[in-house]
K.L.:
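Sharing a structure below in structure tokens format, with a few things to ask.
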Amino acid sequence: MLKLFVPGRLCLFGEHTDWAGHYRTMNADIVPGAAIVTGIEQGIYAEVEKSSIFEVQSIASSISSQWHDFACRMDEQELKRIARSGDFFCYCAGVASYMLEWYKVGGVRIKITNMTLPMKSGLSSSAAICVLVARAFNLLYNLNLNTLGEMNIAYVGELRTSSRCGRLDQACAFGVKPNLMTFDGDEIEVRPLNVRKRLHWVFADLCGEKDTIKILADLNKAYPFASNEKEQLEHEALGAKNQDIVQRAMKYMAEGEVEALGKLMTEAEELFDRQVAPMCPEELASPILKSVLKDPNIQPLVYGGKGVGSHGDGSVQFLARDGETQQQLVDYLESRGMPAYMLTIQPVHTVRRAIIPVAGFGTRLYPATRGLKKDFFPIPCPDGMVRPVILILLEELIQSGIEEICLVLGSEEERQQYADFFERPLSDEHLRKLNAECQEYENRILNIGKRLHYVYQKEKRGFGHAVYQAAQFAHGEPVLLMLGDTLYRSTSNKPCALQLIEAYEHYNKLMVGLYPVELAEVSHFGIMSGVWEDKDCSELTITALSEKPTPSYADEFLGVRGKNGEKEYCSVFGQYILTPEVFLQLEKDIRQADEEGNTTREIELTSALDAVRQQTGMMGVRLQGERFDMGNPAALVNTVAKFSK
């Protein structure tokens with residue numbers, strides 16, 4: 001049995017541009033639609049499992065009184081008939097009918113355990129249930145659909161009902177984070193957005209009335225070709241002017257300009273009233289919405305506000321000034337009989353810390369490692385300098401914006417070698433023998449030493465155990481993990497580590513760098529499999545990972561199709577961004593082994609990553625770069641020969 005949560009969604013900017021952008025299939029002069037949409041903290045919780053029939057049950061006390069449990073055979077015509085019935089569960093049947101028609105799946109039992117999402121409030125409760133059903137079928141029957149695929153199926157499934165949802169409604173499939181959605185004819189793209197500072201949103205049901213069908217019908221009259229000035233103004237508002245507002249909103253969110261973002265909400269609402277509302281004045285006069293937006297008791301609490309969804313007297317949203325005023329606003333709106341909800345969009349933590357485990361003895365490079373740790377082996381570099389491995393790694397981290405670095409050593413005795421290199425200045429005699437460039441470089445080495453921290457793995461209990469020694473250093477923040485016996489070279493203008501950090505700032509979840517390998521080589525690496533989230537096949541939602549699988553197993557279960565349609569095998573690049581959940585899982589694994597008296601069992605990082613993947617998800621990113629292994633004699637020879645070029 002799987003547990004699922006699908007949130008509702010809130011459109012922050014760009015309402016109506018999803019269907020307007022679709023008209024580009026008929027009129028190329030229409031500007032593509034653009035909307036900033038986020039999942040919210042309220043949603044639908046469910047437990048799902050396979051069944052011989054299609055069943056939807058609820059034990060949620062919060063769900064509407066119109067609910068009653070539903071079950072039917074997995075029969076395409078019967079499911080389509082129920083989808084057209086107009087009952088509450090018609091949305092579920094619409095999605096199930098599509099799944100049966102195109103994927104020939106079996107049945108599913110869905111038990112809704114809680115529903116915190118208000119219905120008919122412009123927050124897409126119908127889209128959320130559709131995404132929930134699509135995701136249940138996808139996961140239970142291993143259909144390997146990516147998030148956009150689930151979203152599209154939810155959309156088509158809802159269209160099989162009497163509903164006429166927009167394309168942005170199913171953005172709830174992407175979770176509780178803001179995304180930019182673009183609508184260019186039949187093409188839809190979704191891109192996560194960066195958030196610099198915490199944003200305190202409040203949205204509320206105005207408890208008024210609106211006729212969404214009439215609003216959409218009247219606004220659609222201006223498309224695909226504007227026939228008068230009023231219709232042209234609508235095109236402009238939902239086109240070029242909306243694009244400008246959305247671009248500014250993205251900038252303000254990324255740069256933490258919260259007050260400017262709030263003022264932009266007010267500006268967007270004024271544009272809607274001026275250039276869109278005249279197309280449907282009966283429904284978009286919105287007296288309740290206007291009254292609430294201008295309420296003098298609300299103004300001191302917020303930076304700005306606007307309508308939600310199709311507008312009218314449905315729902316309102318505000319950007320509160322801080323957490324305290326957010327709660328005050330909720331209390332005030334509810335005192336006026338308007339159910340209100342908080343949405344706090346958290347900033348994406350910039351990755352400031354990194355970990356490099358260098359505790360291994362380097363057995364495969366004995367006897368050289370008897371006198372010199374392998375991370376101090378000299379490597380000729382393209383600029384003519386010969387650097388130790390560890391210095392090359394540390395310089396990449398610093399170029400990527402890392403501020404503090406933790407080295408995991410095997411014993412306290414080893415620290416002296418690092419102290420001698422990174423902390424002890426050269427003698428004046430030695431320094432005078434260096435040219436001016438090298439003398440300046442000496443200062444860089446000493447500055448790197450100021451960023452270093454050290455922890456020790458005194459028991460050899462596996463790679464995961466070594467990483468866990470840096471848990472306190474991580475300090476509950478995301479950290480970049482870099483292997484100590486692998487070098488990296490970017491083929492772009494950004495270091496590989498910086499590419500990974502920027503990918504994390506988009507997805508805000510456990511990340512791993514990916515590197516393609518031949519099938520014959522998979523038994524030497526950790527191999528990741530999953531579903532590509534983008535057309536370029538560079539961002540992978542990971543659904544399975546295996547440490548050093550056999551070629552036959554990888555061929556059957558771990559291959560992914562690349563842009564050319566051929567099967568690829570994605571190994572670990574050697575760089576990760578670990579979230580706090582990884583350290584909690586490693587702690588759990590260590591404690592369990594200790595309680596079982598199995599203190600010699602190796603604690604593997606891969607198993608901890610897989611556990612976190614199942615809880616919160618995991619992304620893989622194909623980095624633009626090369627890796628150079630130096631963990632064995634043949635690899636070392638290859639690295640020395642190629643890295644200098």
Side-chain angles (χ1 to χ4, degrees), residues 7-20 33-43 116-128 163-172 176 178-179 181 199-216 219 237-238 242 245-246 249 261-262 264-273 276-277 280 283-295 298 302-320 326 329-330 333-334 336-345:
R9 73 99 185 101
L10 180 66
C11 183
L12 307 181
F13 295 92
E15 294 90 347
H16 293 293
T17 68
D18 50 344
W19 58 258
I36 296 177
V37 190
T38 182
I40 59 178
E41 293 161 1
Q42 294 73 27
T116 57
L117 178 64
M119 297 170 60
K120 297 183 178 180
S121 299
L123 303 173
S124 295
S125 56
S126 60
S163 171
R164 284 298 170 259
C165 57
R167 294 307 306 263
L168 61 75
D169 290 352
Q170 284 75 23
C172 55
V176 186
N179 291 280
M181 299 186 72
L199 302 174
H200 299 91
W201 244 271
V202 172
F203 53 95
D205 186 346
L206 295 171
C207 298
E209 294 183 357
K210 66 172 181 175
D211 187 339
T212 301
I213 294 176
K214 177 172 175 49
I215 292 172
L216 293 174
L219 297 189
L238 300 183
N242 175 70
I245 285 175
V246 166
L261 184 65
L264 188 63
M265 295 174 68
T266 301
E267 180 183 335
E269 184 66 21
E270 291 172 350
L271 173 65
F272 187 89
D273 285 344
V276 179
C280 184
E283 292 297 326
L284 296 178
S286 313
I288 302 176
L289 174 63
K290 286 181 171 58
S291 171
V292 171
L293 288 173
K294 294 178 180 179
D295 190 326
I298 291 177
V302 304
Y303 287 126
K306 61 191 291 291
V308 172
S310 57
H311 279 61
D313 285 332
S315 296
V316 65
Q317 58 176 315
F318 292 99
L319 182 57
Q326 182 185 38
L329 180 56
V330 168
L333 289 168
E334 293 197 332
R336 291 190 55 182
M338 300 176 183
Y341 306 87
M342 289 190 288
L343 168 64
T344 303
I345 298 178

K.L.:
Sub-3.5 Å donor-acceptor pair from the side chain of Asp313 to the main-chain atoms of Leu289, do we have one?
P.N.:
yes
K.L.:
Within the structure provided, determine whether Val202 and Tyr341 are in side-chain contact (heavy-atom separation under 4.5 Å).
P.N.:
no
K.L.:
Quick one: does any side-chain atom of Gln42 pair with a main-chain N or O of Pro7 as donor and acceptor, under 3.5 Å?
P.N.:
no
K.L.:
Please tell me if the side chains of Cys207 and Pro339 come closer than 4.5 Å, counting only heavy atoms from C-beta onward.
P.N.:
yes
K.L.:
Give me the one residue out of Ile40, Val316, Val330 that meets side chain to side chain contact (heavy atoms under 4.5 Å, CB included) with Phe203.
P.N.:
Ile40
K.L.:
Donor-acceptor pair, Asp205 side chain versus Ser315 backbone, under 3.5 Å?
P.N.:
no
K.L.:
Measuring from atom CD1 of Ile298 to atom CZ of Arg336, what distance do you get when rounded to the nearest 0.5 angstrom?
P.N.:
6.5 Å
K.L.:
Side chain to side chain contact (heavy atoms under 4.5 Å, CB included), that's the test. Do Arg9 and Leu168 meet it? Break it down for me.
P.N.:
CA-CA 9 Å; Arg9 73 99 185 101; Leu168 61 75; 3.3 Å; yes
K.L.:
Can Lys306 be said to sit on top of Phe13's aromatic six-ring, NZ or CZ under 6.0 Å from centre and within 45° of the ring axis?
P.N.:
yes
K.L.:
Does a side-chain heavy-atom distance below 4.5 Å link Trp19 with Leu238?
P.N.:
yes
K.L.:
Kindly compute the distance separating NZ (Lys210) from CD1 (Ile288), expressed to the nearest 0.5 Å.
P.N.:
12.0 Å
K.L.:
A side-chain contact here means heavy atoms from C-beta on lying under 4.5 Å apart; do His16 and Phe272 qualify?
P.N.:
yes
K.L.:
Compare every heavy atom of Leu261 with every heavy atom of Leu199, then report the nearest pair and how far apart it is.
P.N.:
CD1-CD2, 4.0 Å
K.L.:
Assess the residue pair His311 and Glu283 against the criterion (side-chain hydrogen bond (donor to acceptor under 3.5 Å, both in side chains)); give the C-alpha distance rounded to whole Å, side-chain angles, the decisive distance to 0.1 Å, and a yes or no.
P.N.:
CA-CA 9 Å; His311 279 61; Glu283 292 297 326; over 6 Å; no
K.L.:
If I compare all heavy atoms of Val37 with all of Ala171, which pair ends up nearest, and what's the gap?
P.N.:
CG1-CB, 3.5 Å
K.L.:
About how many Å separate CD of Glu41 and OG1 of Thr344, when rounded to the nearest 0.5 Å?
P.N.:
5.0 Å
K.L.:
Has Thr116 got a side-chain atom pairing as donor or acceptor with Gly43's backbone, closer than 3.5 angstrom?
P.N.:
yes
K.L.:
Where do Leu284 and Ser310 come nearest, in terms of heavy atoms and distance?
P.N.:
CD2-O, 3.7 Å
K.L.:
In Å and rounded to the nearest 0.5 Å, what is the CD1 to CD distance from Ile36 to Glu15?
P.N.:
10.5 Å
K.L.:
Enter the distance from Leu293:CG to Glu270:CD here, rounded to the nearest 0.5 Å.
P.N.:
10.0 Å
K.L.:
Heavy atoms only: give me the nearest Gly14-Asn242 pair and the separation to one decimal.
P.N.:
CA-OD1, 3.2 Å
K.L.:
Can you confirm whether Leu206 sits close enough to Met338 that some side-chain heavy atom of one is under 4.5 Å from a side-chain heavy atom of the other?
P.N.:
yes
K.L.:
Determine the minimum heavy-atom distance between Leu333 and Val292, stating which atoms define it.
P.N.:
CD2-CG1, 4.1 Å
K.L.:
Any non-hydrogen side-chain atom of Gln317 less than 4.5 Å from a side-chain atom of Trp201?
P.N.:
yes
K.L.:
Ignoring hydrogens and geometry, is there a side-chain-to-backbone donor-acceptor pair from Thr38 to Leu10 under 3.5 Å?
P.N.:
no
K.L.:
To the nearest 0.5 Å, tell me how far Ile245 CD1 sits from Leu271 CG.
P.N.:
5.0 Å
K.L.:
Give the minimum heavy-atom separation between Ile345 and Pro178, together with the two atoms involved.
P.N.:
CG2-CD, 3.9 Å
